[in-house]
Amino acid sequence: MLGRLGAWRHVVAGLTVVVITVLALTGLIGRDQPERFDSKVVTVQPAGVDGVRIREVVDQDFGSHSRHGYERKIPTDFGHPVDIEASSPDANADIDVSSVGSSVRIRLGTPGKTYTGRHRYILSYTLPNAQLSTRDLFLNIIGDPNKPEELETRRFEVVLTGLELDNPGCSAGKAGRKGGCTLERDG
């Protein structure tokens with residue numbers, strides 16, 4: 001009986017080597033996996049007289065790169081973000097806020113811990129001066145229009161709630177580009 005168990009261990013070890021070799025040759029392991037955003041869902045709703053509350057649910061895949069967490073740069077056109085909250089079901093979501101030129105950088109994570117692979121981050125904040133009382137809202141959801149996002153985003157959705165839009169428009173791409181996205185109304 002002991003002789004057979006030893007033979008099985010040898011067969012299992014041999015299969016493990018074969019499986020790892022096949023995975024490496026097919027590129028499923030052992031190669032540099034790129035970073036990307038699998039999904040971003042951003043919800044916008046009124047907050048007070050002139051503010052908007054933003055909630056971002058981001059599924060970021062760091063690939064094989066070691067990263068501390070999610071980072072977001074927000075233009076301060078509508079004031080500095082306030083009431084910042086963050087969470088993650090599978091990563092550290094400590095909040096670090098700093099000013100960078102005409103933007104605020106929000107970093108989620110901690111300097112002492114890095115992650116690879118896919119992680120979900122939920123970031124909420126209020127932009128206090130979105131000027132809703134003027135009845136015009138020009139909100140750049142993605143960030144700096146002059147510096148496009150470097151990482152691929154596979155799915156991007158913006159949900160507006162609590163707002164009545166008279167003449168909605170949607171543009172995706174570089175600043176000044178028209179179209180490239182669709183608007184849908186629920187209900």
Side-chain angles (χ1 to χ4, degrees), residues 12-13 15-45 47 52-128 139-161 172-175 180-181:
V12 170
L15 286 175
T16 302
V17 171
V18 169
V19 169
I20 290 173
T21 302
V22 169
L23 291 174
L25 289 174
T26 59
L28 295 176
I29 64 169
R31 85 177 164 177
D32 188 35
Q33 298 292 322
E35 289 183 73
R36 68 173 179 263
F37 292 104
D38 288 332
S39 173
K40 292 182 181 180
V41 178
V42 178
T43 304
V44 180
Q45 65 184 43
V52 290
R53 183 77 177 162
I54 310 288
R55 180 177 187 260
E56 302 179 15
V57 179
V58 178
D59 291 323
Q60 186 167 3
D61 188 343
F62 298 118
S64 57
H65 303 275
S66 293
R67 300 292 187 237
H68 295 284
Y70 178 57
E71 180 178 301
R72 178 76 162 90
K73 289 184 183 168
I74 303 165
T76 56
D77 301 3
F78 295 145
H80 286 262
V82 296
D83 303 325
I84 301 169
E85 300 173 343
S87 64
S88 175
D90 54 10
N92 185 295
D94 289 349
I95 302 169
D96 179 67
V97 180
S98 59
S99 291
V100 179
S102 61
S103 296
V104 169
R105 179 175 53 212
I106 300 174
R107 289 181 172 167
L108 304 184
T110 181
K113 174 89 172 135
T114 60
Y115 299 94
T116 58
R118 187 173 189 250
H119 298 280
R120 172 168 282 188
Y121 295 92
I122 302 167
L123 173 64
S124 300
Y125 52 90
T126 299
L127 299 175
L139 188 59
N140 183 348
I141 296 295
I142 296 173
D144 186 347
N146 299 313
K147 186 175 185 250
E149 175 61 60
E150 295 175 10
L151 301 179
E152 172 190 10
T153 301
R154 291 191 166 175
R155 179 176 166 264
F156 195 98
E157 181 178 347
V158 178
V159 178
L160 300 174
T161 183
K174 293 185 178 185
C181 52

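The residues of the chain are indexed from 1 along the displayed sequence. Side-chain atoms are counted along with the backbone in the values below, which use heavy atoms only and exclude waters and symmetry mates.
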For residues Arg107 and Ser98, determine if any side-chain heavy atom of one lies less than 4.5 Å from a side-chain heavy atom of the other.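 Not touching, per the 4.5 Å side-chain cut-off.
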
Hey, does Ile106 have a side-chain heavy atom less than 4.5 Å from the side chain of Tyr70?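 Not in contact.
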
[atom1]-[atom2] distance between [X] and [Y], expressed to the nearest 0.5 angstrom:
X: Asp38; Y: His119; atom1: CG; atom2: NE2; answer: 11.5 Å
X: Gln60; Y: Arg36; atom1: CD; atom2: CZ; answer: 11.0 Å
X: Ser124; Y: Asp83; atom1: OG; atom2: CG; answer: 10.0 Å
X: Thr116; Y: Asp61; atom1: OG1; atom2: CG; answer: 9.0 Å

Has His68 got a side-chain atom pairing as donor or acceptor with Thr114's backbone, closer than 3.5 angstrom?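 Looks like no, no N/O pair under 3.5 Å.
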
Output yes when a side-chain donor or acceptor of Tyr115 lies under 3.5 Å from a complementary backbone atom of Asn92, and no otherwise.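 Yes, the answer is positive, given that a donor and an acceptor are paired below the 3.5 Å cut-off.
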
Out of Val44, Leu123, Thr126, which residue meets the side-chain contact (heavy atoms from CB on, under 4.5 Å) rule with Ile54?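 The residue from Val44, Leu123, Thr126 that satisfies side-chain contact (heavy atoms from CB on, under 4.5 Å) with Ile54 turns out to be Val44.
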
From the options Ile74, Val97, Leu108, select the one residue that forms a side-chain contact (heavy atoms from CB on, under 4.5 Å) with Ile84.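 In the set Ile74, Val97, Leu108, the residue that makes a side-chain contact (heavy atoms from CB on, under 4.5 Å) with Ile84 is Val97.
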
Can you list the residues that meet the ring-ring contact (aromatic ring centres under 6.0 Å, His included) rule with Phe78, with sequence neighbours excluded?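 Phe78 satisfies ring-ring contact (aromatic ring centres under 6.0 Å, His included) with no other residue.
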
Looking only at heavy atoms, which two atoms of [X] and [Y] are closest? And how far apart?
X: Ala86; Y: Ala93; answer: CB-O, 3.7 Å
X: Val104; Y: Pro81; answer: CG2-CD, 3.7 Å
X: Ser39; Y: Arg155; answer: OG-NH1, 3.0 Å
X: His80; Y: Ser99; answer: CE1-OG, 3.8 Å

May I ask you to check whether Tyr125 and Glu56 show a side-chain donor-acceptor distance below 3.5 Å?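 Glu56 and Tyr125 do have a side-chain donor-acceptor pair below 3.5 Å.
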
Would you say CZ of Arg53 has more than 12 non-hydrogen atoms from neighbouring residues, nucleotides or ligands within 6.0 angstrom?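 Yes, enclosed.
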
Are Arg118 and Asp59 close enough, and set up right, to give a salt bridge (Lys or Arg N to Asp or Glu O under 4.0 Å), and what steps lead you there? CA-CA 7 Å; Arg118 187 173 189 250; Asp59 291 323; 3.2 Å; yes

Angle between ring planes, Phe62 versus Tyr121, binned at 30° and 60°: parallel, tilted or perpendicular?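 Rings of Phe62 and Tyr121: perpendicular, as their planes differ by over 60°.
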
